[in-house]
Amino acid sequence: MTVDLKARIAELTSLEQAEQLYPARNLPAGAEVVRVAPSPTGMPHIGTAMQSVIDRALADKTNGVFILRIEDTDTARTVPGAVDAIIAGLKWLGTTPDEGYSFGGDYGPYLQSDRLNLYKLAADHLVAKGHAYACFCTPERLEKLREDQSKAKMMPKYDRLCSKLTAEEVTERKAKGERFVIRMRMPKDGEKIRFKDEVRGEIEFDTKVLDDSVLLKGDGFPTYHLAVIVDDHFMRVTTVVRGEEWVSSAPKHVMLYKMFGWEAPKWLHTVLLRDAERRKLSKRSGDTSLAGYRVNGYLPEGLRNFLTRVMWAHPENKDIYDLAEFARLVTPSALPSTGPIADMKLFGFINGHYLASHKPAELRQMFVDYLDYLVSVDRVPESDDEEGGPIVPLETIKKLRAEIAANTEYADHVFALEPERHQKLSDVFRNCGFLFEATYTPATAELMAKHCPDAAMAKGILGKVVAECLDMPDSEAWDKAMRQIAADNGVKDKVVFMLTRVAATGMERTPPLFEIMHMLGKAKLSQRINAAIANAGTSVAA
RNA sequence: GUCCCCAUCGUCUAGAGGCCUAGGACACCCGCCUUUCACGCAGGUAACACGAGUUCGAAUCUCGUUGGGGACGCCA
């Protein structure tokens, strides 16, 4: 950045100067300037991710610009570290902004708390024009007002008490040091405000349902309503992409553009993702932060694909497509106007495709990075069945990480084994954990008994497997020998196979038996099976 | 209480007056493959919220009802 924009803003004395500070952008015709504008009040949410995908796609599609702006105007709710988490989240998702906070650009600063003077000038301008007024009502009075209105089954709305103050009264009360806010003066009742939403079409509101909203707070910070208009205008944003919850305040924003005499951008309100209860995804629906999905083993390209899949239908009915394809084919009017329910099964299906599309060495590296990530954030994936709960302790993850690092070649074999078994990186623990010492759990006597209730026979069978099969050269020989053992004991082949599987892995569900026997090797196999023999029947006999 | 948005299989949707005895995908069920699981392959169950109207003809247009969601802060 060649100029210190923060300093320049502080020096501004009029809105006209601001117009000169931020000249029209030099972009190709049709280029969309879009922004994602999260407030740093917590970990980045899935809704922010959804908007960023649309933003990124729109900017890519039109050779436009995607901006990150941080809306930190609520000083009380600002959470330390949230900004970094937002940036990290967007980078992880692959919807990296072109411009904005920490990305640079000529239309900054991109942190609203660095732009306070601009909002003040804007508010003064509106007051001077008669479109806004100072309000000295105390929070207590307002609360009482709302309470009374609620009791009377009326819509809570400011009663415009201070709009009747004379200029002299205002000057006098300010001089006395009374704390005040600036409110917008909505037009007289009965006027219609229309605007076009890019996905819903024309929407009309009556001004009588619109409140004289606060524009500038008592602490000199702007509210969302003022800040968003001023910033979108001076950042030369062409399309406002934001959540559906903003539709009802959009008329206020349209009115503000009119009051300023500025050209309004296009409006695109995205649907809100719902949980199984059809409510908007929130804390109660589980961890819906970006980091939460990462912790649970979802891939960024999987999340990206899932997010677009539930709010857009591919013209060829495809489920799997990348961001570039989405950007190329999407049109705002094709976006849905009903909030989709986040179907985790569909998410798993899509994510699994991406997982399986990687080569073993890539998968191994992704898994290692995943483990490192878990350690770095000190979190573990949760089981997605009814009971939930962590599926593996952090200590185990650290050991597994070391074990993989010590023998990457072996690990690559593990990841070459039916990668389509995994839908999420965290599924590797359940599907392949037994192939590593860190995550191997020996078979219980009960599990053994399930496949061969006669403990003595089980011991005999497994003893023979250890004695006769492990030195054999290949799967074919194993197969033949194991079937012979079954015949000798008068049991079905399956009994021998399952007993061996359970004894060697501690699991009933595994990749093909001979493949994992080859991988485990003779030493480990005989050790595990012998341990199982020693353990067999212990709790059943007792 | 008021306003705004929305309404096709369990879920995401296709559908812009006749191509719809409503198509696809996920999920589910069944079969094949098979020593388990997964993959794959072959089938199946399953929806136009309701009521009027417009029309020769309505999932598609209009109105109403019902249902769902969102908003109404010196929060965003």
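We name chains A, B, ... by the order of the sequence lines, and we start the count at 1 in each one.
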Handout entry: Span that lies between the P atom of A42(B) and that of C26(B), in whole angstrom
Key =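 Result for the P pair: 12 Å, nearest Å.
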Problem - Comparing E204(A) and E418(A) on RNA chain B - which has the more 5′ nearest nucleotide - result: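 Result: E204(A).
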Practice task
Let me know, please, whether R274(A) or D72(A) comes out on the 5' side of the other along RNA chain B by nearest nucleotide.
Solution key: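 With R274(A) and D72(A) compared, the 5'-side residue is R274(A).
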Under 4.0 Å between any heavy atoms, over every strand shown, what does [X] touch: base, sugar-phosphate, or nothing? Just pick one.
| X | answer |
| --- | --- |
| R501(A) | base |
| P511(A) | base |
| C135(A) | nothing |
| D493(A) | nothing |
| R77(A) | base |
| W312(A) | nothing |
| T510(A) | base |
| V247(A) | sugar-phosphate |
| E508(A) | base |
| P156(A) | base |
| T41(A) | nothing |
| F514(A) | base |
| P336(A) | sugar-phosphate |
| F205(A) | sugar-phosphate |

Practice task
Return the orientation label for the W246(A) and H225(A) ring planes: parallel under 30°, perpendicular over 60°, tilted otherwise.
Solution key: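 Because their plane-to-plane angle is over 60°, the rings of W246(A) and H225(A) count as perpendicular.
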Kindly point out which of [options] is positioned nearest to the side chain of [X]?
| X | options | result |
| --- | --- | --- |
| K494(A) | C12(B), A76(B), U36(B) | U36(B) |
| R179(A) | C74(B), G10(B), U35(B) | C74(B) |
| R509(A) | C37(B), U13(B), U35(B) | C37(B) |
| R200(A) | G1(B), C74(B), C6(B) | C6(B) |
| R278(A) | A76(B), G73(B), G68(B) | G68(B) |
| T223(A) | G70(B), A76(B), U2(B) | A76(B) |

Exercise for the section: Could you tell me whether the side-chain ring of F349(A) sits stacked on the base of C26(B), using a centroid cut-off under 5.5 Å and a plane angle under 30°? Expected result: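 Aromatic stack with C26(B) absent for F349(A).
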Without hydrogens or angle criteria, can the side chains of [X] and [Y] be said to hold a donor-acceptor pair below 3.5 Å?
| X | Y | result |
| --- | --- | --- |
| T308(A) | Y321(A) | yes |
| E508(A) | H451(A) | yes |
| H314(A) | E325(A) | yes |
| Y110(A) | D231(A) | no |

Problem - Below 4.0 Å: OP1/OP2 of G68(B) and any side-chain N or O of R279(A) - result: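 Answer is no, no contact under 4.0 Å.
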Exercise for the section: May I ask you to say whether R483(A) pairs ionically with D493(A), meaning some side-chain N is under 4.0 Å from a carboxylate O? Expected result: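 Yes.
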Handout entry: Base C12(B) to side chain R309(A), donor-acceptor N/O within 3.5 Å cut-off
Key =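 Per atom types, the contact qualifies.
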Problem - Base C39(B) paired with R421(A) side chain (donor-acceptor, <3.5 Å) - result: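 Donor-acceptor pair under 3.5 Å: no.
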Practice task
Any strand is fair game: report the nucleotide pairing with U55(B) by Watson-Crick or G-U wobble, both distances under 3.5 Å, or none.
Solution key: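 U55(B) is paired with nothing.
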Handout entry: Value in whole Å for how far the P atom of C72(B) lies from NZ of K151(A)
Key =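 So the NZ-P distance, K151(A) to C72(B), works out to 21 Å.
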Practice task
Just grab all the ring pair (Phe, Tyr, Trp, His ring centres under 6.0 Å) pairs involving residues 137-162 of chain A, residues at least two apart or on different chains.
Solution key: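 Ring pair (Phe, Tyr, Trp, His ring centres under 6.0 Å) check on residues 137-162 of chain A returns no pairs.
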